[in-house]
Amino acid sequence: MNILRALVVLLFLGSCNTKTTNHFDLIITNATIIDVLGNTLTKSQLIAISQDTIRMVDDMTNLNKYKASQTYDAANKFVMPGLWDNHVHFRGGDTLIEENKKLLPLFLAYGITNIRDAGGDITPSVLKWKNQINNKKLAGPTIFTSGPKLDGNKPAWPGSIIVDSNDDVKIALDSLELLNVDYVKMYDGSLKKEIFYEIIKQAEARGLKTTGHMPLSADILTATTLGLDGTEHMYYVIKSCSPLVDSLTQTNPSYSMFPQIVESYDPKLADSVLKKLASQNAFITPTLYIGKVLSELTEVDHKEDSLLNYIDKGIQKTYQGRIETAKKAKSQGNSSRSQLGQLATDMIVPLYKSGVKVLAGSDSGAFNSFVYPGESLHLELQSLVAAGLTPQQALITSMINGPEFFGLREFYGSIAEHKVANLVILERNPLENIKNLDNIKATIIKGKVYDKKMLDNLLQELKK
Ligand SMILES: [Zn+2]
């Protein structure tokens, strides 16, 4: 190549370069960026986005260097990575597929850009929505799903994969890998302790993440040492903080042992258990808010809940089951749920301080009465703050620990070059008060803006 030709090529590349670096699909201007991990604000910023990725973050004084197809003026507003709800469900069988699909915009309306679906019986639909959302053909949050739960030969939930022998473990994990799910969710309807451990071992060998309920005879420290990545709800960590755990699980490994477990809770033992869990990099999803709702089901009248307007009749019908259970428990004078809830709340600060990764998750979905998708994650974050976390720490449990569970911190959790453009724009600063999450001005999914008007329209559609 002669010098002149080389020069022409260089000039050509140079001009292409200018074009690609300075023209973007979307620019958010005048933004006050919230750095959740740093607990700081940076004013007068612009965020340049192309396709689904943040390409540049720059000072507004450089605005003239940027061009975009779309501009969103975020003057006097706060821009933050979108919220993660790390425990939701889509379920209720084929007849409720459409009703489940209609829940997706509710997450957007509450600034939730990422959800972790913790298992159900409509996996093909969930995987379809996940793709459609990724391709911007459907309005909803980015979905991570476990697909069907793994349970024993009498599964608690329909659609679970039955795993009753070591051979079953291999077959189950093969089929989950074939479905291309994001992680493995176990359930304790009838899962045997030995099989539970075997699932963890085999999943670990395949590089799959595991979490779930645990058979009550299993031990959380043994499980995390084998490779269990997370546990859902507080039962299993609370159980291991009682010196009576061994004798109780030998004689009666059932949820009826919890009053005794709660009564014999030992803070010193808890301290050592939590430290060990933290050293194993364990994640725990406390789901405090649903615990409160379920413990008060017989006292609180939900008929006038405004969010019921967005929940279709079929899903509303599934709420009845837990109402009946609560009535029965009340008639038997059983208040173990509220005692357990109080201890779970008391353990949040020790959990967080020990270094265990707390995950904010609502457990919203069919069958989980009056825990509405979207709002319930805000109420979970408020519960975590009421339990003693700062607003910053509560936010960390959502949009920092959420991606961390999947090993995706490189792509999520802050507003910086190369991160996924899943953002929320807020009227007020939630680091000051977690209730400031209430005023969502826009939610951005993979670079697509849903402004307040679009979010309102999506909700209006749901009411029809
Ligand atoms: Zn759940």
Side-chain angles (χ1 to χ4, degrees), residues 84-93 96 99-100 103-104 106-107 112 114-123 126 141 143-152 155-161 176 181-191 196 199 209-216 220 228-238 255 283-295 297 311 315 318-319 321-323 325-326 337 340-341 344 358-377 379-381 383-384 397-398 401-402 405-406:
W84 285 54
D85 188 337
N86 298 293
H87 190 133
V88 308
H89 292 284
F90 297 106
R91 61 189 178 195
L96 294 187
E99 292 197 20
N100 272 276
L103 302 174
L104 294 167
L106 278 171
F107 292 105
I112 297 162
N114 294 70
I115 54 173
R116 190 179 71 152
D117 166 39
D121 54 357
I122 53 171
T123 299
V126 175
I143 299 176
F144 295 85
T145 181
S146 67
K149 296 168 181 172
L150 306 188
D151 202 341
W157 291 92
S160 302
I161 298 178
L176 290 183
V181 298
D182 299 291
Y183 69 107
V184 178
K185 166 85 187 286
M186 294 168 284
Y187 206 82
D188 60 339
S190 50
L191 193 60
F196 171 72
I199 294 170
K209 301 272 178 193
T210 47
T211 184
H213 289 217
M214 287 175 41
L216 287 169
I220 193 169
L228 180 72
D229 297 287
T231 49
E232 306 303 305
H233 320 298
M234 292 291 283
Y235 299 107
Y236 316 102
V237 63
I238 285 178
Y255 285 86
F283 288 76
I284 291 181
T285 319
T287 63
L288 293 181
Y289 171 67
I290 187 175
K292 185 171 183 293
V293 173
L294 297 184
S295 73
L297 270 185
I311 308 293
I315 289 182
T318 68
Y319 289 175
R322 292 204 192 270
I323 297 171
T325 313
R337 205 180 253 289
L340 202 68
V358 177
L359 283 171
S362 67
D363 214 354
S364 71
F367 297 94
N368 286 352
S369 325
F370 312 111
V371 176
Y372 306 109
E375 182 205 49
S376 54
L377 192 264
L379 295 169
E380 179 68 13
L381 294 171
S383 304
L384 291 169
T397 69
S398 173
N401 291 351
F405 176 81
F406 291 108

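Whatever order the structure lists ligands and atoms in, that order sets their numbers, starting from 1. Worth saying up front: this structure is predicted, and the values here are computed from it rather than measured.
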Can you tell me if E232 has an N, O or S atom under 2.8 Å away from the Zn ion (ligand 1)?
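Checking the Zn ion (ligand 1) against E232, no N, O or S atom falls under 2.8 Å.
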Kindly confirm whether the Zn ion (ligand 1) is within less than 2.8 Å of some N/O/S atom in H233?
no
Donor-acceptor side-chain pairing of Y236 and D188 below 3.5 angstrom
yes
E380 versus S362, side-chain donor and acceptor atoms under 3.5 Å
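The criterion, which ignores hydrogens and geometry beyond distance, is not satisfied for E380 and S362.
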Round to 10° and report the angle made at the Zn ion (ligand 1) by NE2 of H87 and OD1 of D363.
90°
Within 45° of the six-membered ring axis of F405 and under 6.0 Å from that ring's centre, is NZ or CZ of R116 located there?
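So R116 does make the cation-pi contact.
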Pair F144 + Y183: ring centers closer than 6.0 Å:
no
